[in-house]
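One structure is given here, and the rest of the page talks about it.
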Amino acid sequence: MDQTNIVLAGHICIDHNKSEHATYTGWGSSVLYMSEYYRKHSQARPVAISSYGPDILPYLPEIDLIPATPGQPNTLIYENDSSTGKRTQRCRNLDSAIPPAITPAIAAAVQKADIIIVATLLPNYSAAYLHELLGHARSDSLKVLCPQGYFRHVTPDGRIEARDFTEAAEIVPAFDLLMYSEEDHPQAIELAQQWKQRATHTNIIVTQGKDGATIVGADTLVPVPTIPIPLEEIVDSVGCGDTFAATVTLEYYRTKDLVAAIQTAHKTAAAKLKAVIV
């Protein structure tokens, strides 16, 4: 099988995590979780594009990163607490978590990519920036958006609050596949149906925890259920959604069967919850 080239663009961060049965500090973000999943569990070659500072270097996994050296004074920090079963978050160092300038190296990586994934932790990747970035992509590449950051507002004291994804009309149609959780918005399904009215070619998946996931059409819903994991068997839920998204993306790219891709992703996400895969 030919190697699949994957570019992941978005925020990376240092995580201070307190989960169901684990407390630790390390690297974080969808970009890095998905990159590490691809590196360890597939033949895909991931390249990450992000701004960061030297403080993350002791934590970084083995990864191809653009830029190759820190360009900011420090790195975005996220504090995640899911120990009670409901996640709370705070973050710091927002001023350094800016989209990197699109250099020739970034443009070349995007042009080479079979899959381009944009995964944000903050809403500061503008529509104009994304259109410039994707303007370097091949027409046959799979373009994927994990838009969690667009649903987040950071208060002056670092708390994460909900916001509306006001940029959706300009951003969503630029992608072939979009995945987010019902935890990101109280009317996640209804919101996806609204987007489908304009972004008719964009496949939208809303994940629903123990209830699995739903493929959302403008007038149709296709549930893809999963087998729930008992709470006492969950070791660490951090990165579970990223494992799901990474699996769906690669399986869908290879097979073009979205239901089968989600079914496979349910299995890998369950393994991540149990810490069978890391």
A169 to R198 - nearest heavy-atom pair and separation
CB-NH1, 3.4 Å
Hydrophobic cluster membership, L121 vs I160, 4.5 Å side-chain cutoff:
yes
Do the two ring centres, one from Y125 and one from H11, sit under 6.0 Å apart?
yes
Please check if L57 and I66 belong to a single hydrophobic cluster, counting links between Ile, Leu, Val, Met, Phe, Trp and Tyr side chain heavy atoms closer than 4.5 Å.
no
What distance separates R92 CZ from D157 CG, expressed to the nearest 0.5 Å?
12.0 Å
Between I77 and Y59, is there shared hydrophobic-cluster membership here, with clusters defined by ILVMFWY side-chain heavy atoms closer than 4.5 Å?
yes
Hydrophobic cluster identity match, L178 and L134, side-chain contacts under 4.5 Å:
yes
Taking the side chain as everything from C-beta on, heavy atoms only, tell me whether K210 gets closer than 4.5 Å to T226.
no
M34 vs I6, test: side chain to side chain contact (heavy atoms under 4.5 Å, CB included). Steps then yes/no.
CA-CA 10 Å; M34 295 172 77; I6 302 178; over 6 Å; no
Between T120 and R152, is the side chain to side chain contact (heavy atoms under 4.5 Å, CB included) condition met? List the steps.
CA-CA 10 Å; T120 61; R152 296 173 180 173; over 6 Å; no
Step by step, would you call E183 with T207 a side chain to side chain contact (heavy atoms under 4.5 Å, CB included)?
CA-CA 9 Å; E183 294 181 357; T207 61; over 6 Å; no
For the CD atom on E190, are there more than 12 heavy atoms of other groups (residues, nucleotides or ligands in this structure) within a distance under 6.0 Å?
yes
Donor-acceptor pair, T214 side chain versus V216 backbone, under 3.5 Å?
no
Would you call D219 and K196 a salt bridge, using N to O less than 4.0 angstrom?
no
Validation row: L250, S42 side chains within 4.5 angstrom (heavy atoms):
yes
In short, P99 meets S51 closest at the heavy-atom pair C-OG, 3.9 Å
Do I115 and V7 come close enough that some side-chain heavy atom pair is under 4.5 Å?
no
Please test Y78 against Q89 for side chain to side chain contact (heavy atoms under 4.5 Å, CB included), starting from the C-alpha separation and ending with a verdict.
CA-CA 7 Å; Y78 254 78; Q89 296 177 300; 3.6 Å; yes
Under 4.0 Å between a Lys/Arg side-chain N and an Asp/Glu carboxylate O for R159 and E161?
yes
Are the side chains of I49 and P100 in touch, meaning some heavy atoms are under 4.5 Å apart?
yes
Only residue of D242, D15, L60 satisfying side chain to side chain contact (heavy atoms under 4.5 Å, CB included) with L32 is L60
Does S141 reach the main-chain N or O of A137 with its side chain, forming a donor-acceptor pair under 3.5 Å?
no
Give a yes or no answer on whether the side chain of S126 reaches the backbone of Y129 with a donor-acceptor pair at less than 3.5 Å.
yes
Passes ring pair (Phe, Tyr, Trp, His ring centres under 6.0 Å), Y180 versus W195? Steps please.
CA-CA 13 Å; Y180 66 106; W195 296 342; 5.5 Å; yes
State yes or no: are the ring centers of F244 and H266 separated by less than 6.0 Å?
yes
Which atoms form the tightest heavy-atom contact between P54 and Q72, and what is the distance?
CD-O, 3.4 Å
Which distance, rounded to the nearest 0.5 Å, do you find between the OG1 of T25 and the NE2 of H16?
5.0 Å
Minimum heavy-atom distance S96-N74, with the two atoms named
OG-OD1, 2.5 Å
Sidechain N-carboxylate O distance under 4.0 Å for R39, E62:
yes
Going by atom types only, do T247 and T268 share a side-chain donor-acceptor pair under 3.5 Å?
yes
If Ile, Leu, Val, Met, Phe, Trp and Tyr residues are connected whenever their side-chain heavy atoms lie under 4.5 Å apart, and connections chain through other members, are V248 and I116 in the same group?
no
T4 side chain to D114 side chain, donor-acceptor N/O pair below 3.5 angstrom
no
Rounded to the nearest 0.5 Å, how far apart are CD1 of I204 and CZ of F175?
12.0 Å
Do the non-hydrogen side-chain atoms of T202 and L177 ever get within less than 4.5 Å of each other?
no
So CD of E132 and CD1 of I106: to nearest 0.5 Å the spacing works out to 9.5 Å
N203 CG to M179 CE distance, which is reported to the nearest 0.5 Å
10.0 Å
Is there a side-chain contact between T103 and P67, using heavy atoms and a 4.5 Å cut-off?
no
Does the side chain of L76 reach to within under 4.5 Å of the side chain of L122, using non-hydrogen atoms?
yes
Under a 3.5 Å cutoff, is there a donor and acceptor pairing between the side chains of T75 and D55?
yes
All heavy atoms of I12 vs all of Y52, minimum pair found to be CD1-CB, 3.7 Å
Taken to the nearest 0.5 Å, the spacing of I56 CD1 from C13 SG works out to 6.5 Å
Is there side-chain contact between W27 and E36, with heavy atoms separated by less than 4.5 Å?
yes
Non-hydrogen atoms of N124 and A97 that approach each other most closely:
ND2-O, 2.7 Å
So, applying side chain to side chain contact (heavy atoms under 4.5 Å, CB included) with Y252, which one of D257, L142, V259 is it?
L142
